[in-house]
Amino acid sequence: MTVMWMLQTFLKDVFRVVNGLLKTALGPPSGSTTSLSPIQDITFRHESVKCLVSIIKSMGAWMDQQLSLGDSYMPKSTDSDTTENHLTLNGEDGIVSDNELHPEVNSEHSDAATLEQRRAYKIELQKGITLFNRKPSKGIEFLIGTQKIGRSPEDVASFLKKTSGLNETIIGDYLGEREEFPLKVMHAYVDSFNFKEMDFGEAIRFFLRGFRLPGEAQKIDRIMEKFAERYCKCNPNSFTSADTAYVLAYSVILLNTDAHNSMVKDKMTKADFFRNNRGIDDGKDLPEEFLGTLYDQIVKNEIKMSAESTAPQSKQANSFNILGFDGILNLVTWKHTEEKALGANGLLIRHIQEQFKAKSGKSESVYHAVTDVAILRFMVEVCWGPMLAAFSVTLDQSDDRLATSQCVQGFRYAVHVTAVMGMQTQRDAFVTSVAKFTYLHCAADMKQKNVDAVKAIISIAIEDGNYLQEAWEHILTCLSRIEHLQLLGEGAPPDASFLTASNVETEERTPKAMGFPNLKKKGTLQNPAVVAVVRGGSYDSTSVGVNTAGLVTPEQINNFILNLNLLDQIGNFGLNHVFAHSQRLNSEAIVAFVKALCKVSMSELQSPTDPRVFSLTKLVEIAHYNMNRIRLVWSRMWNVLSDFFVSVGLSENLSVAIFVMDSLRQLAMKFLEREELANYNFQNEFLRPFVIVMRKSSSAEIRELIVRCISQMVLSRVNNVKSGWKSVFMVFTAAAADERKNIVLLAFETMEKIVREYFPYITETETVTFTDCVKCLITFTNSRFNSDVSLNAIAFLRFCAVKLADGGLACNEKSKVYGSSNSVAGVDASDLQTSIEKDDHSSFWVPLLTGLSKLTSDPRSAIRKSSLEVLFNILKDHGNLFSLPFWTGVFNSVVFPIFNCVSDQKEMEMEDEEYPTPTLRPLHSEGSTWDSETSAVAAQCLVDLFVTFFDVVRSQLPGVVSVLTGFIRSPIQGPASTGVAALMRLASDLGSKFSQDEWRNIFLALKEAATSTVPAFMKVLRSMDNIEVLGSGQSYTDLETSSDHMLTHDDLEDDNLHTAQYVISRMKSHIAMQLLIMQVANDLCKTDLQYLSADNIKILLEVFSFISSHAHQLNSEKNLQEKLPIVCSILDLSEPPLVHFENESYQNYLNFLQRLLIDDPSLSEKMNIEAQLVAVCQTILQIYLNCTDSQSAQQNSGNRPVPQCVVPLGSAKKEELGARTSIVVSALRVLNGLERDSFRRHVSQFFPLLVDLVRSEHSSGEVQQVLSNMFQSCIGPIIMQ
């Protein structure tokens, strides 16, 4: 408690002193009397201010002294004395073993010449090592010149890695050089490590054991960047990208320094480590288990060089200079300044208590030296308020140069102390006060003291920039206003005069721009810009003088001109020096600087009366200045700059947006000069603002400018573009979908050049780059402005395939290409992912093939046809490069999805069951079904491909057959005929190679096609039952007699009319489809019957039988037979060919059975084909007799003949009999052609039918003639026996 009281007493005394000086500086209160003369009063005030300035100055001096003492204990690796010390410690004249010096002379030779050669070699090599330890480049040149090492970077890297006696610090410095040869050596050095399956922490430990990291940030950045790239290459699945490994490597180095450096008091906890690495894995967090293990490894086991683990070193050196990481903590500042451990209040008080206890036995008059800078915080906290008041009041009220200079100096020292101590509130208060006292916001009232304040602002920016943080905004605002006033004084035209004009107009006017006359020479001038500045405004206003109306007096303008002359003391050098000095800001400060400059620039650009680009141009400048910073810092800067460029690029002010996009182009051109290593993503992040603005901007001028900028950048920096390709293609993809024709054509022109001339640069980077290229070309195929662009884009896709094949990027495993089909059966080919995992090269083909596959469904016929041809040509030309698993994936993910439109038929059938009438049926989208030409091309290409690679892809036969039968089932005649032709082509080319199981697949597909459509069709047919048709109950004769009565649309309701029309259309397409299936089956039998087994023939018989029975069923629908003629007459449509359907189906059935009986008697006997043939003939005869109204089947139960009168057949019946005559004649001839024994065996079954035929009336004499021949040649001999 005594110590606490002493501390509080001390602070109270300080406060009393400062507060007393404040009262003296402010002078006696108004209304009070004083014995001092005015001169004495002013002197007292000035001396009080001087005392206050001395106090804050002494605080700053003591603080700087303590901080500099602390730094002295942290020697920098770049210091000359440190370097010399390392040279001595590490053995500049170290001993090198003979085995390491010259492995070729290990053999034991006793002759003196050999020993002398070895000694000379050793001396010369030692000379090179010594020279290297002093000047590494000279040492390497010497060793190469004396042929002690090879000239290649790999040889030099091996020398640095394996040779003892080399200074590890010098090795690190040499590897970090940016010159071409040392850079190649560093790459070779890192590439010599194999980190495969190595833990990340162990990899860093293994990597850093051979050299000491340099102290310069740029050198460390280059080394760690290459390490991260190498680690990810050895372990491709370790992180999302090399950026993650790069950031984590830095974090591990920081943790190692933090954990094992005794100077660091507040150690990093595991939670701190997690927080520092949050979101580094492409925006996601790394697993905490992984980070926790890594943390424990580093904390428990310090990362050391191999030399450190064996050579003893002083404890101090080991704690202060771990692995040469002295400056690491200053490279990346993970916490804000105010969070730095200046010590909690409790800890500080305990520390002071201990000091007082140690001194308690001494005299009270002894002073206690305090070294902890944190004590200063308490002093400033009690002093800053009075000091601010004293400086502000004096500076505001006094014009005495000495007094105002003292106040400005006081502000300057106060800002320094509060900024370095991290006292944000106090710092901002002092900075804001100085900024307001510049009077730049009301320049007409400026005086010399205000100019001194401006100088103080510039001095603060240069000297204390590392500690300003948010206060930068006030300083940069002042700099912006200074530049504005200088331009007005010089008579330069305002930025608004250029921003409001178009680019062309600006170019024309720039050489002869009529700016404002030089105010310093011309005197008074009434113009808006000058008047607005003279009127002035508040400090916080964006544009001065906006809200003040009226003109200003000539006297005010003259005062303003005189004040502009005062600003000549500043000059452009001091202004520009602030921005050039940004290169020296630390990592936290530069980010804060950029944020503040973006805010100021946004305020300038958004000014409604006077938009300006000063800060925008400075943003470009400081980006140039700082582009060589390490990636971690530059990435943080660019996150801020990127958001700014996007925001301004989308500005409604077109000229401002154009200006900022051009500024971004300049930066990008500069940035692309830097080489990017593999697996990094920063180029893509850098170019992302172009992508965002391209997608979101409503201005065609901006979009065109972006396309031109990207084109220029890519074509001029194509060698250096790596991850940036993604953004490039995203921009061109957006351009391809643009509504302006000129933008589409401009982007496609560049794409054409990229694909034709720079294709290898695309495929050398990540797979996703090629995917983006393909997506871009596919987007161009959707161009609605120019069909040539679309077709050329498809042609370029084929060009890409050729380039891929020429480059050897095949998916082939030669040992598996022509293996058995069984090896593919177990492959999961739902997509191409499996094959991609097995072969990296296949990933290049996948986007190309899938993209073309999707294009085949394009609504434009030319695009569909072209994409189909290109896709199948690619597969046919380069299919020999594909492996079996990849082929399986191609068919399932690329080829078969093309024919999804064919499956629409099945969906229509399901809809027939759910919606039997057209009024309930949902509409199908236009363009979802191919036209006949496209169908023909697709089917032909599919069969060609399958035939070409049959030995590899024969397992895909069921899918191919399913596609072709889908064509056959189409309700449209064109695709159905295409399916027939394709299936016949398939059978003719491969029939001899098909196994019985494969034939079975084909026939079962035909059977399924024939049977599956019938239930839905019959449900549609039943809808006719609900249609009432006038006269439908009349007989054929009645219909004929009433044929004079003309039927019209009035005889049917509208809904019934539509239903009937739909049913008739469905009947016609259904009949055509069934006949096509039977035709295919019949044709297959003609050509390939010898290859078929009994089981397969049985399936064919089932197909013929089903279709014939179905045809007979349709003709047996009496109600339908009565309604169809009437409905067709009303609708003026031709009747569905029901009789023709039945005749053709039975005729094909007969022909097939007869062919079997003749061509393969043994099989026919086995399958009892003859009995089936006779049964079919009987059915045909019975159907014919039913048409003649024969009564043989309609006799009474007593089987007694009933006399009846025979009514002559009407014309309709005669016409139907005429249509059926041919099939009856064929059936009779088949029976007549049976062998005598066979005829005798079966005659009892069909003889009654022959008798009925004799009794019946016929429309043609051909039936009687065949009957007569049969009775004479077959039945007569049987009777005569």
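Just so you know, residue 1 is the first one in the sequence shown, and it goes up from there.
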So, [X] versus [Y]: side-chain donor-acceptor pair below 3.5 Å or not?
{"X": "K1098", "Y": "S1093", "answer": "no"}
{"X": "N1096", "Y": "Q996", "answer": "yes"}
{"X": "D1160", "Y": "S1162", "answer": "yes"}
{"X": "Q1182", "Y": "N1186", "answer": "yes"}

Would you call the rings of [X] and [Y] parallel, tilted or perpendicular if under 30° counts as parallel and over 60° as perpendicular?
{"X": "W999", "Y": "F1003", "value": "parallel"}
{"X": "H1110", "Y": "F1106", "value": "parallel"}
{"X": "F949", "Y": "W887", "value": "tilted"}

(request) Keeping the roles fixed (side chain from N1232, backbone from C1274), state whether a donor-acceptor pair exists under 3.5 Å. (result) no
(request) Using modelled atom types only, decide if a donor and an acceptor are shared between the side chain of Q1074 and the backbone of A1010 within a distance under 3.5 Å. (result) yes
Sequence neighbours excluded and cut-off under 3.5 Å, please list the side-chain donor-acceptor pairs for residues 867-875, or say none.
from : atom 1 : to   : atom 2 : distance (Å)
S867 : OG     : I863 : O      : 2.8
S867 : OG     : R864 : O      : 2.9
N873 : ND2    : E869 : O      : 3.0

From [X] [atom1] over to [Y] [atom2], what is the distance, rounded to the nearest 0.5 angstrom?
{"X": "L1156", "Y": "I1097", "atom1": "CG", "atom2": "CD1", "answer": "5.0 Å"}
{"X": "L1006", "Y": "L1084", "atom1": "CG", "atom2": "CG", "answer": "6.5 Å"}
{"X": "L1075", "Y": "N1148", "atom1": "CG", "atom2": "CG", "answer": "8.0 Å"}
{"X": "L1185", "Y": "S1256", "atom1": "CG", "atom2": "OG", "answer": "5.0 Å"}

(request) Of all the heavy-atom pairs spanning S893 and T850, show the shortest one and how long it is. (result) O-CG2, 4.4 Å
(request) Looking only at non-hydrogen atoms, find the nearest pair between H1242 and A1171 and report the distance. (result)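 Scanning both residues completely, I find the closest heavy atoms to be CE1-CA, 4.3 Å.
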(message) With salt bridge (Lys or Arg N to Asp or Glu O under 4.0 Å) as the criterion, how do E1117 and R1022 come out once you've worked through the C-alpha distance, each side chain's angles and the decisive distance to 0.1 Å?
(response) CA-CA 10 Å; E1117 294 279 345; R1022 293 280 71 84; 2.9 Å; yes
(request) Output, in order, the C-alpha distance, side-chain angles, deciding distance and verdict of side chain to side chain contact (heavy atoms under 4.5 Å, CB included) for Q1154 and D1159. (result) CA-CA 9 Å; Q1154 192 173 20; D1159 295 345; over 6 Å; no
(request) List for me each residue that meets side chain to side chain donor-acceptor pair (under 3.5 Å) alongside H1112, sequence neighbours excluded, and say none if there are none. (result) E1142
